[in-house]
Amino acid sequence: MKHIFVTGGVVSSLGKGLTAAALGALLEQRGLRVRLQKFDPYLNVDPGTMSPFQHGEVYVLDDGGETDLDLGHYERFTSGKLTRCNNLTSGQVYESVLKKERRGDYLGATVQVIPHVTNEIKERIYAEGQEEVDILITELGGTIGDIEGLPFLEAMRQFALEAGRKNVLFLHCTLLPYLKAAGELKTKPSQQSVAKLREIGILPDILVCRTEQPMTHEMREKLSLFCNVPLKAVIEEQDVETSIYELPLALKAEEVDDLIIEHLELHAPDNSMQVWKDVVRRLKEPKHEVEIGVVGKYIELQDAYKSVYESIIHAGIANNAKVQIVRLDAEEIESDPAKHLAGLNGILIPGGFGDRGTEGKIAAAKYARENNIPYFGLCLGMQIAVIEFARHVAGLEGANSTEFDPETAHPVIDIMEDQKELTTKGNNMRLGACPCKLSDESFSYHAYERQEIQERHRHRYEFNNRYREQLEKAGLHIAGVNPERDLVEIIEIMEHPWFVAVQFHPEFKSKPNAAHPLFANFIAAALKYKM
């Protein structure tokens with residue numbers, strides 16, 4: 001087992017997660033088995049209760065783990081299936097240490113950061129090392145110098161000493177800021193960042209420099225000298241031209257994979273990266289163009305619906321189409337839907353919690369249904385579609401979800417009876433992969449081309465089966481059902497060109513070279529509608 005540790009300096013949001021994911025893609029193309037994991041220094045146990053305004057989307061895994069959005073990048077760029085064990089937070093570390101202390105596992109010793117906290121972190125590294133993979137890539141969140149990250153860096157330093165340097169590689173991402181007034185890139189912040197890392201006892205083997213402008217050879221020589229990194233290991237990571245999916249090819253051009261193979265003493269034949277070349281070619285040379293409106297309440301935040309946006313792009317790749325995503329604030333749509341939605345080729349409503357913007361989303365679903373615009377609802381987007389159909393087609397005046405109106409006369413969306421006693425937020429959520437059986441005559445069956453599927457969930461409220469027969473008689477087609485609990489998973493309107501809404505989150509299982517079938521069919525329907 002070989003290990004790569006990815007750290008970042010100077011500023012946050014450098015793209016460490018994307019860099020780690022792209023490295024995974026590079027090494028997989030060379031026939032190596034790769035697994036990625038994320039260490040997050042914050043004290044939350046997981047991101048499940050964190051606001052999208054602070055943290056972006058919560059990425060859900062098959063086992064129900066609520067994790068950092070970078071794990072989405074890991075799964076999109078590589079083939080490895082991740083679990084909740086691939087995201088470790090300080091909250092989890094300290095929770096485990098304190099439980100052990102209470103049980104007496106430390107035999108009365110004074111519990112300290114070193115060795116008890118660092119040992120807990122190393123245990124996670126060793127545990128993941130038991131899996132049948134060749135390289136484990138571990139990304140550390142935050143920035144060098146953050147006090148919360150120090151125990152993780154110390155654990156990495158100790159681990160490298162124990163495992164041997166030929167089995168461990170440190171890759172440090174840093175920023176080369178461009179000063180317009182001076183007309184040049186500056187290396188000093190990177191020098192300071194590496195100096196801080198060296199104080200801790202970690203010497204980076206590869207320096208990845210994020211930059212908006214090309215680096216000169218002299219700059220590489222300067223960084224090599226002052227950061228004590230071989231010249232060939234000073235890597236330029238310039239902003240990509242079209243898409244993040246160009247990054248594996250950009251790093252390949254810098255021969256990063258060769259550096260890793262050489263340092264870790266691995267034997268892996270080179271690869272032409274044809275899969276990624278095909279993805280980039282389709283992105284840069286689309287044959288069609290389509291406009292999709294995403295109606296949400298966190299629209300101003302790029303990361304809040306990260307997986308949704310990426311899945312739409314994947315579907316565009318699958319259809320040889322450039323997808324123009326129009327972000328629409330649900331609160332602005334309610335009064336005049338046509339003003340915002342007219343001209344779109346498709347409408348998508350993503351998941352979410354809370355009642356803000358609900359009526360605007362209902363208005364958007366109604367507009368899509370009445371104007372035969374392809375509609376795709378995800379999680380809350382399905383519940384919105386059910387509420388809209390119940391009100392305006394089935395004649396259930398005031399129909400709503402008990403999440404938004406606990407006193408509604410027609411709770412077409414509700415918490416199931418066996419879940420209501422679990423009042424703690426999170427305890428009564430349906431999380432992770434659940435089975436779904438599809439109806440033979442449905443848009444969904446046509447997309448998946450099979451009857452039994454597994455999809456990931458993250459929600460608290462469900463379709464209320466007490467209204468199932470009444471809504472079906474009004475024309476709502478139940479296209480997918482959870483066979484274990486008889487829960488409605490997919491609703492469709494068959495008389496519509498393409499109207500599909502799902503209780504799960506298909507965006508968590510889409511890849512650039514393998515678009516999720518529902519997203520691919522949605523974009524295909526939008527292209528057909530445009531024509």
Side-chain angles (χ1 to χ4, degrees), residues 51-53 57 291-305 308-309 312 324-414 459-464 467 471 474-476 491-493 496-503 505 507 522 526 529:
S51 166
F53 287 103
E57 78 171 0
E291 198 168 42
I292 301 296
V294 176
V295 181
K297 67 176 184 176
Y298 307 117
I299 289 301
E300 68 273 27
L301 303 169
Q302 171 67 24
D303 288 343
Y305 304 119
V308 173
Y309 296 146
I312 293 172
Q324 183 68 38
I325 299 174
V326 181
R327 303 180 191 181
L328 299 165
D329 190 326
E331 290 183 288
E332 297 178 2
I333 287 177
E334 183 179 350
S335 59
D336 189 0
K339 176 183 176 182
H340 301 277
L341 304 174
L344 294 174
N345 309 128
I347 295 172
L348 184 148
I349 296 181
F353 296 90
D355 61 354
R356 184 169 68 84
T358 299
E359 293 302 322
K361 293 175 185 178
I362 292 171
K366 183 173 185 286
Y367 187 87
R369 178 180 58 80
E370 292 180 341
N371 291 277
N372 287 330
I373 301 174
Y375 175 89
F376 195 14
L378 313 178
C379 195
L380 177 62
M382 186 201 90
Q383 298 173 7
I384 290 294
V386 171
I387 294 168
E388 190 282 319
F389 190 91
R391 287 182 186 178
H392 304 120
V393 179
L396 300 175
E397 186 177 350
N400 215 328
S401 166
T402 51
E403 179 182 10
F404 312 137
D405 180 8
E407 306 302 324
T408 178
H410 297 292
V412 291
I413 305 294
D414 196 9
H459 63 95
R460 187 172 289 112
Y461 291 79
E462 305 276 0
F463 182 104
N464 190 340
Y467 289 89
L471 292 175
L476 192 70
I491 63 102
E492 298 180 356
I493 299 176
H496 193 281
W498 204 89
F499 194 105
V500 178
V502 300
Q503 184 59 81
H505 288 273
E507 68 269 26
F522 171 55
Y529 173 81

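The structure presented is a predicted model; accordingly, all values stated were derived computationally and were not measured. Just so you know, residue 1 is the first one in the sequence shown, and it goes up from there.
- The line from NE2 of His340 to OG of Ser335 is 6.0 Å long, rounded to the nearest 0.5 Å.
- Residues Ile373 and Leu341 are not in side-chain contact: their nearest non-hydrogen atoms beyond the backbone lie 4.5 Å or more apart.
- Taking the six-membered ring where the residue is Trp, Phe522 and Phe376 present tilted rings, their angle falling between 30° and 60°.
- Two residues are said to be in side-chain contact when any heavy atoms from C-beta on lie closer than 4.5 Å; Gln383 and Phe463 fail this criterion.
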Checking Val295 against Ile333 for the side-chain contact (heavy atoms from CB on, under 4.5 Å) test, could you report, in this order, the C-alpha distance in whole Å, the side-chain angles of both residues, the deciding distance, and whether it holds? CA-CA 9 Å; Val295 181; Ile333 287 177; 3.6 Å; yes
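- Remark: the backbone N or O of Ala399 is paired with a side-chain donor or acceptor of Arg391 at under 3.5 angstrom.
- Screening residues 374-390 for salt bridge (charged side-chain N to carboxylate O under 4.0 Å, His left out), with sequence neighbours left out, gives Arg369-Glu388.
- Put simply, the side chain of His459 does not reach to within 4.5 Å of the side chain of Leu380, judged on heavy atoms.
- Looking at heavy atoms from C-beta onward, Ile347 lies out of side-chain contact with Leu328 at the 4.5 angstrom threshold.
- For the pair Val294/Val326, no side-chain contact is recorded, criterion being any heavy-atom separation below 4.5 Å from C-beta on.
- No side-chain heavy atom of Ile413 sits under 4.5 Å from any side-chain heavy atom of Asn400.
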Evaluate Glu507 against Leu378 for side-chain contact (heavy atoms from CB on, under 4.5 Å), listing each step before the verdict. CA-CA 9 Å; Glu507 68 269 26; Leu378 313 178; 3.6 Å; yes
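- Pro350 approaches Tyr305 most closely through the heavy-atom pair CG-CE2, 3.5 Å.
- The side chain to side chain contact (heavy atoms under 4.5 Å, CB included) check on Ala385 picks up Tyr375, Ile491, Phe499, Ala501, with sequence neighbours excluded.
- No donor-acceptor distance shorter than 3.5 angstrom exists from the side chain of Lys297 to the backbone of Gly352, with no hydrogens or angles considered.
- Minimum interatomic distance between Ile384 and Ala365 (heavy atoms only, all atoms of both residues): CG2-CB, 4.1 Å.
- Nearest heavy atoms, Leu396 versus Tyr467: CD1-CD2, 3.7 Å.
- The list of salt bridge (charged side-chain N to carboxylate O under 4.0 Å, His left out) pairs with a residue in residues 329-350, not counting sequence neighbours, reads Glu331-Arg356.
- Remark: the backbone N or O of Gly398 is paired with a side-chain donor or acceptor of Thr408 at under 3.5 angstrom.
- In this structure, the side chains of Val393 and Ile493 stay at 4.5 Å or more apart for every pair of heavy atoms.
- Looking at Asn464, its side chain does come within 3.5 Å of a backbone N or O of Pro411 through a donor-acceptor pair.
- In terms of heavy-atom proximity, Ala364 sits nearest to Ile349 at CB-CD1, 4.3 Å.
- Here the side chains of Pro337 and Lys366 are not in contact, with every heavy-atom distance at 4.5 Å or above.
- In terms of modelled atom types and a separation under 3.5 Å, the side chain of His496 and the main chain of Ala368 share a donor-acceptor contact.
- For the pair Arg327 and Tyr298, the cation-pi test (distance below 6.0 Å, angle within 45°) is failed.
- The CZ atom of Phe389 sits 14.5 Å away from atom CD1 of Ile362, with the distance rounded to the nearest 0.5 Å.
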Ile292 and Leu344: CA distance, side-chain angles, deciding distance, side-chain contact (heavy atoms from CB on, under 4.5 Å) verdict: CA-CA 6 Å; Ile292 301 296; Leu344 294 174; over 6 Å; no
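- Not one N or O on the side chain of Glu403 forms a donor-acceptor pair closer than 3.5 Å with the backbone of Tyr461.
- Sparse packing is recorded around CD of Glu397, with 12 or fewer heavy atoms of other residues, nucleotides or ligands lying under 6.0 Å away.
- Nearest heavy-atom pair across Ile387 and Phe404 is CD1-CE1, 4.2 Å.
- Side chain of His410 to main chain of Val412: no donor-acceptor pair is present (N/O by atom type, distance under 3.5 Å, no hydrogens or angles).
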